[in-house]
Peer 1: 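I'd like to ask you about the structure that follows.
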Amino acid sequence: MMTDREQPLPDHIRPDGVSDETVAAAGKLSEALETVEQARGNLYAFHQLMGRADLLLGDAVDKLAEAGHRELADRVQTEMVGRNVLEGRWTFQIVEDFDDGYWTEFRELERQVRDELVRGRRHLFEAEMKEQRRTHGRRGHEARPAEEG
């Protein structure tokens, strides 16, 4: 049985009795969470870049020593290789603290707000925007993907 691809999925339809203001507010909270997700990605990129930099420092120490600059090599080794990036922390600890605290709490709170206000529906604001902006009946502008299976 084929579904009408011109109709949004039920999860992308506003529940009865939900106001425009509520959809906009839930959408703004989700947008804020998406921005935090981007920041989290950058935090992980920072974590990986700093780890790579520390390994490169080790290589630089070896090259300084091989070039006859043992004193400078020892100084870089002692002062920088394996150093904390923040007081008492390597970047993996920063990532863990962020994930276990701010990020987890924000995600849980955003879900609770969606559950309470729009029956847990995600991206409702965007789904309604899609319905307003797409060219109904035109290929490539369907409301939903083709059925699988």
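The first residue of the sequence shown is numbered 1, and numbering continues consecutively from there. Just the heavy atoms: all of them, side chains too, but no hydrogens, waters or symmetry mates, feed the values below.
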Peer 1: Take atom CD in Glu96; do more than 12 heavy atoms of anything else shown fall under 6.0 Å from it?
Peer 2: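 Yes, CD of Glu96 has more than 12 neighbouring heavy atoms, counting only those of other groups under 6.0 Å.
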Peer 1: If I take atom CG from residue Asp100 and atom CD from residue Glu105, how far apart are they, to the nearest 0.5 angstrom?
Peer 2: 12.0 Å
Peer 1: Would a hydrophobic clustering, with Ile, Leu, Val, Met, Phe, Trp and Tyr connected at side-chain separations under 4.5 Å, put Val118 with Leu109?
Peer 2: no
Peer 1: I want to check something: taking the side chain as every heavy atom from C-beta on, are Val95 and Trp103 in contact at a cut-off of under 4.5 Å?
Peer 2: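 Of all side-chain heavy-atom pairs linking Trp103 with Val95, none is under 4.5 Å.
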Peer 1: Assess whether a salt bridge exists between Asp11 and Arg119, defined as any Lys/Arg side-chain N lying under 4.0 Å from an Asp/Glu carboxylate O.
Peer 2: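 So Asp11 does not pair with Arg119 through a salt bridge.
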Peer 1: When clusters are formed by joining ILVMFWY residues with side-chain heavy atoms under 4.5 Å apart, either directly or through shared neighbours, do Val81 and Leu49 land in the same one?
Peer 2: no
Peer 1: When clusters are formed by joining ILVMFWY residues with side-chain heavy atoms under 4.5 Å apart, either directly or through shared neighbours, do Phe46 and Met80 land in the same one?
Peer 2: no
Peer 1: Supply the atom-to-atom distance Leu29 CG to Phe125 CZ, rounded to the nearest 0.5 angstrom.
Peer 2: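 Nearest 0.5 Å value for the CG-CZ distance: 13.5 Å.
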Peer 1: In Å and rounded to the nearest 0.5 Å, what is the CZ to CG distance from Arg121 to Leu9?
Peer 2: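 Here the interatomic distance stands at 11.0 Å.
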Peer 1: For the pair Phe98 and Tyr102, name the ring-plane relationship: parallel under 30°, tilted 30 to 60°, perpendicular over 60°.
Peer 2: parallel
Peer 1: If I take atom CD from residue Gln77 and atom CZ from residue Arg70, how far apart are they, to the nearest 0.5 angstrom?
Peer 2: 9.0 Å
Peer 1: When you measure from the side chain of Gln93 to the backbone of Thr91, do you find a donor-acceptor pair of N or O atoms at a distance under 3.5 Å?
Peer 2: no
Peer 1: Is atom CH2 of Trp90 surrounded by more than 12 heavy atoms (other residues, nucleotides or ligands) closer than 6.0 Å?
Peer 2: no
Peer 1: Can you tell me how far the OG1 atom of Thr35 sits from the CZ atom of Arg40, to the nearest 0.5 Å?
Peer 2: 14.5 Å
Peer 1: Which heavy atom of Ala65 sits nearest a heavy atom of Ala73, and at what distance?
Peer 2: N-CB, 3.7 Å
Peer 1: Answer yes if Leu43 and Val85 sit in the same cluster of Ile, Leu, Val, Met, Phe, Trp and Tyr residues linked by side chain heavy atoms under 4.5 Å apart, and no otherwise.
Peer 2: yes
Peer 1: His123 and side chain to side chain donor-acceptor pair (under 3.5 Å): which partner among Lys130, Glu34, His12?
Peer 2: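 For His123, the side chain to side chain donor-acceptor pair (under 3.5 Å) check succeeds only for Glu34.
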Peer 1: Heavy atoms only: give me the nearest Leu64-Val76 pair and the separation to one decimal.
Peer 2: CD1-CG2, 4.2 Å
Peer 1: Taking only residues at least two apart or on different chains, which pairs with a member in residues 79-95 satisfy salt bridge (charged side-chain N to carboxylate O under 4.0 Å, His left out)?
Peer 2: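 Every pair satisfying salt bridge (charged side-chain N to carboxylate O under 4.0 Å, His left out) with a residue in residues 79-95: Arg75-Glu79, Arg89-Asp97.
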Peer 1: Quick one: pull up CG in Leu33 and CZ in Arg111 and give me the separation to the nearest 0.5 Å.
Peer 2: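 The distance works out to 10.5 Å.
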Peer 1: Using the side-chain contact (heavy atoms from CB on, under 4.5 Å) rule, take Glu110 and Arg114 through it: C-alpha gap first, then chi angles, then the decisive distance, then the call.
Peer 2: CA-CA 6 Å; Glu110 188 270 343; Arg114 273 190 297 105; 2.8 Å; yes
Peer 1: Hey, mind stepping through Asp4 and Arg144 against salt bridge (charged side-chain N to carboxylate O under 4.0 Å, His left out) and telling me if it holds?
Peer 2: CA-CA 9 Å; Asp4 182 0; Arg144 63 168 84 179; over 6 Å; no
Peer 1: So that I can tick it off, tell me whether Lys28 and Glu31 are bridged by a salt bridge, with the cut-off set at under 4.0 angstrom between side-chain N and carboxylate O.
Peer 2: yes
Peer 1: If two hydrophobic side chains count as joined below 4.5 Å and joins carry through other members, does Phe92 share a cluster with Met50?
Peer 2: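 No.
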Peer 1: With heavy-atom distances below 4.5 Å as the criterion, would you say the side chains of Arg139 and Arg5 are in contact?
Peer 2: no
Peer 1: When you check the gap from the basic side-chain N to the acidic O, do Glu6 and Arg134 get nearer than 4.0 Å?
Peer 2: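 A salt bridge links Glu6 with Arg134.
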Peer 1: Looking only at heavy atoms, what is the nearest atom pair of Pro15 and Leu124, with distance?
Peer 2: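 Of all heavy-atom pairs spanning Pro15 and Leu124, the closest is CD-CD2, 3.9 Å.
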Peer 1: Any side-chain to backbone donor/acceptor pair from His47 onto Ile94? Under 3.5 Å, distance only.
Peer 2: no
Peer 1: Donor-acceptor pair, distance only, cut-off 3.5 Å: does the side chain of Thr135 make one with the backbone of Arg138?
Peer 2: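 Between the backbone of Arg138 and the side chain of Thr135 there is no qualifying donor-acceptor contact (under 3.5 Å).
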Peer 1: Determine the minimum heavy-atom distance between Ala143 and Pro8, stating which atoms define it.
Peer 2: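 Looks like CB-N, 3.6 Å.
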Peer 1: Do other residues, nucleotides or ligands put more than 12 heavy atoms under 6.0 Å from the CZ atom of Arg14?
Peer 2: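 Counting neighbours around CZ of Arg14, more than 12 heavy atoms of other residues, nucleotides or ligands fall under 6.0 Å, so yes.
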Peer 1: Under a 3.5 Å distance rule, please check whether Ser30 uses its side chain to pair with a backbone N or O of Ala26 as donor and acceptor.
Peer 2: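 Indeed, once roles are kept as given, a pair shorter than 3.5 Å links the two residues.
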